[in-house]
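Have a look at the structure below, then the notes.
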Protein chains: 2
Amino acid sequence: MKTSFAGLAPAPAFQPLYRQIKQLITELLESGEWRPGEAIPSEIDLAQRFSVSQGTVRKAVAELAGENVLVRRQGRGTFVASHSHARAHLSFLHVTPDRGRAERLEARLVDLKRVRADATSAGLLGLDPGGTLIRLRRLLWINGRGPVVLEEVRLPASAFRGLDATVAEAHRCMLYSMYEAAFGVKVVAAEERLKAVAADADTAHMLGVCAGDALLRIERVAYTYGGKPVELRRGFCNTRFHHYANALS
Amino acid sequence: MKTSFAGLAPAPAFQPLYRQIKQLITELLESGEWRPGEAIPSEIDLAQRFSVSQGTVRKAVAELAGENVLVRRQGRGTFVASHSHARAHLSFLHVTPDRGRAERLEARLVDLKRVRADATSAGLLGLDPGGTLIRLRRLLWINGRGPVVLEEVRLPASAFRGLDATVAEAHRCMLYSMYEAAFGVKVVAAEERLKAVAADADTAHMLGVCAGDALLRIERVAYTYGGKPVELRRGFCNTRFHHYANALS
DNA sequence: TAGTGGTCTAGACCACCGT
DNA sequence: CGGTGGTCTAGACCACTAA
């Protein structure tokens, strides 16, 4: 992601035309004009609609494709990125086996309940303090091995009305796909913070390790269009046979 | 980095013109025709030199700029990216304080010696097994706090002839800047693998923590132009007041 | 003021896809 | 085959920088 999220937006200033087009397209995506998985109009159509040249549309679309918001397919069209296809739920997963790749991801729901938002969560999600959160926990298996990660997910209840254990399990815990299909919430980016911590007794028991063992703690804030935070996550990862992979440039 | 490094290069196939230009520019960078920090010729000059249009050069340069190999500055020109300026050595540092940003990085050399390459290191660096490595260790302070990280760096001795503790300290342990200035090795990308581990007695002592405490282990392979590996690193990070930050998209 | 990269346009042709 | 995105070109103008 090139765009900067949280923090002070560095004053819009005057934007070039292609960025205005990009913003327009983003707003149309937010509005639901085009849904995840659908094709958006062709470049020529968009150019006419916005009264700009095809090249200008192309540059706007190229940036959105670079941010994984749109997907371009030669000969077919440009599509709204979707979490609802095989392997899509792997794109935000940086935990991989030490040997080989993460191919299959399975999840088992531990519990799901409604809780009051603490000040930190409310602040990160932009909620009123004391608002309601949905808090769910789950265990992850990778390529049939596990449990590798214990995850705790916090969601604003207002945006996920009707979410309960039955719904979550119906989507086989493929969360971002579920957010998208059942609640119209499209996750497009996230920020993670990692620390090494000692396992507490409960977590250790659920991951099948000893209390005090070193675990990788992964905290995530996930964002939808426009950098709006929509999900908080905290995972504890057993890195005995897995690691967190990251590419730098 | 969009380009895929290690592993099976997926067959070059026929490349569009702008990728051939990109490859040409990369080769000229490798050859040292333009050194880090210098300006490369203007787009118009390059277009004439390669007998293509300015737009084609522009697209090649844009990709290289996106990979942080080149830096474009409106009104001034296009420059070869360099680690030799303030804050440059922070661009590969994902460890940041829990509050605020990493602004100042200080390093203290612990030791530096020549060792035989083990099979794993030789394999990763593409050396003959039994080749010679330079192995150095150092401690990192961030914004005056620390030590936060204990790092062990392994380099192929053949590419870093003459590197000793005196040289390293003369460059104040700004390693990538030193590689570039003293040895002509330009690091352009890296891959990191993270695990949580228990501190051994030595490491704990150097980081001022207790043996057995959880530490974040960061392993890195750094690459120069063309995806050639040139450095191995293993860091142990005390995440009591710091974390590893990562943006997903 | 001259030179640089940044934007925008217009049009041609290519490569790929589905019918 | 027609329609899509991908490439390449050529030229005009803008925004920024340095002298």
Side-chain angles (χ1 to χ4, degrees), chain A residues 2-3 10-26 28-29 34 36-82 85, chain B residues 2-3 10-26 28-29 34 36-82 85:
Chain A
K2 288 279 163 69
T3 55
F14 291 102
Q15 294 285 310
L17 189 49
Y18 77 88
R19 282 207 192 272
Q20 298 175 37
I21 302 301
K22 179 183 173 186
Q23 181 59 33
L24 271 176
I25 295 174
T26 302
L28 288 167
L29 287 167
W34 310 305
E38 288 180 7
I40 69 172
S42 74
E43 293 177 349
I44 293 175
D45 288 350
L46 289 174
Q48 287 175 347
R49 173 167 179 172
F50 299 135
S51 301
V52 297
S53 77
Q54 189 183 0
T56 301
V57 169
R58 180 181 296 279
K59 194 154 183 183
V61 169
E63 284 205 355
L64 289 168
E67 294 164 12
N68 299 316
V69 171
L70 297 177
V71 179
R72 320 189 69 164
R73 281 187 257 205
Q74 192 177 63
R76 298 187 52 198
T78 302
F79 298 78
V80 183
S82 170
H85 71 269
Chain B
K2 288 277 163 67
T3 55
F14 291 101
Q15 294 284 312
L17 189 50
Y18 76 88
R19 282 209 191 270
Q20 298 174 38
I21 302 300
K22 179 184 172 187
Q23 181 58 33
L24 270 176
I25 295 174
T26 302
L28 288 167
L29 287 167
W34 310 305
E38 289 180 6
I40 68 172
S42 75
E43 294 177 349
I44 293 175
D45 288 351
L46 288 174
Q48 287 175 347
R49 173 166 179 173
F50 299 135
S51 301
V52 297
S53 77
Q54 189 184 356
T56 301
V57 169
R58 180 181 297 278
K59 193 153 184 184
V61 170
E63 285 206 354
L64 289 167
E67 294 164 11
N68 298 315
V69 171
L70 298 177
V71 179
R72 320 188 69 164
R73 281 188 256 204
Q74 191 177 64
R76 298 188 52 198
T78 302
F79 299 77
V80 184
S82 170
H85 71 270

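Side chains are part of it too, since the values below use all heavy atoms of this structure and drop only hydrogens, waters and symmetry mates.
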In whole angstrom, what separates A/Ile44's CD1 from C/dT9's P? 15 Å
If we only count heavy atoms from C-beta on, is the B/Leu64 to B/Glu67 side-chain gap below 4.5 Å? yes
A/Ala47: partners by side chain to side chain contact (heavy atoms under 4.5 Å, CB included), with sequence neighbours left out: A/Val57
Results of side-chain hydrogen bond (donor to acceptor under 3.5 Å, both in side chains) for B/Gln48 - residues two or more places apart only: none
Please determine whether any donor N or O and acceptor N or O are separated by less than 3.5 Å between the side chain of A/Arg58 and the base of D/dG5. no
At under 4.0 Å, does any side-chain N or O of A/Thr56 touch on OP1 or OP2 of C/dT9? yes
From CD of B/Glu63 across to P of D/dG6 the rounded distance in Å is 12 Å
Does A/Val61 reach a base, just sugar-phosphate, or nothing at all? Heavy atoms under 4.0 Å. nothing
Figure out the CZ/P separation between B/Arg19 and D/dG6, and round it to whole Å. 12 Å
Among D/dT9, C/dC8, D/dG5, which nucleotide sits nearest the side chain of A/Thr78? D/dG5
Rounding to a whole Å, what distance do you find between B/Gln15:CD and D/dG6:C1'? 13 Å
Interface polar pairs with nucleotides 13-17 of chain C, N/O, under 3.5 angstrom:
residue: C/dC16; atom: O4'; partner: A/Gln74; partner atom: OE1; Å: 3.1

Value in whole Å for how far the C1' atom of C/dG5 lies from CD of B/Gln54: 8 Å
What is the separation between atom NZ on B/Lys59 and atom C1' on D/dG6, rounded to the nearest whole Å? 7 Å
Protein-nucleotide distance (A/Tyr18, atom OH; C/dG5, atom C1'), rounded to Å: 12 Å
Results of salt bridge (Lys or Arg N to Asp or Glu O under 4.0 Å) for A/Arg76 - residues two or more places apart only: none
Between D/dG5, C/dT9, D/dC8, which nucleotide gets closest to the side-chain atoms of A/Ser42? D/dG5
Please state how far atom CD1 in B/Ile21 lies from atom P in D/dG6, giving the value in whole angstrom units. 20 Å
My understanding is that only residues two or more places apart in sequence, or in another chain, count here; which of them pass side chain to side chain contact (heavy atoms under 4.5 Å, CB included) with B/Gln74? none
Side chains of B/Arg49 and B/Leu28 in contact at under 4.5 Å (non-hydrogen atoms): yes
A/Thr56: side-chain hydrogen bond (donor to acceptor under 3.5 Å, both in side chains) partners, not counting sequence neighbours: A/Ser53
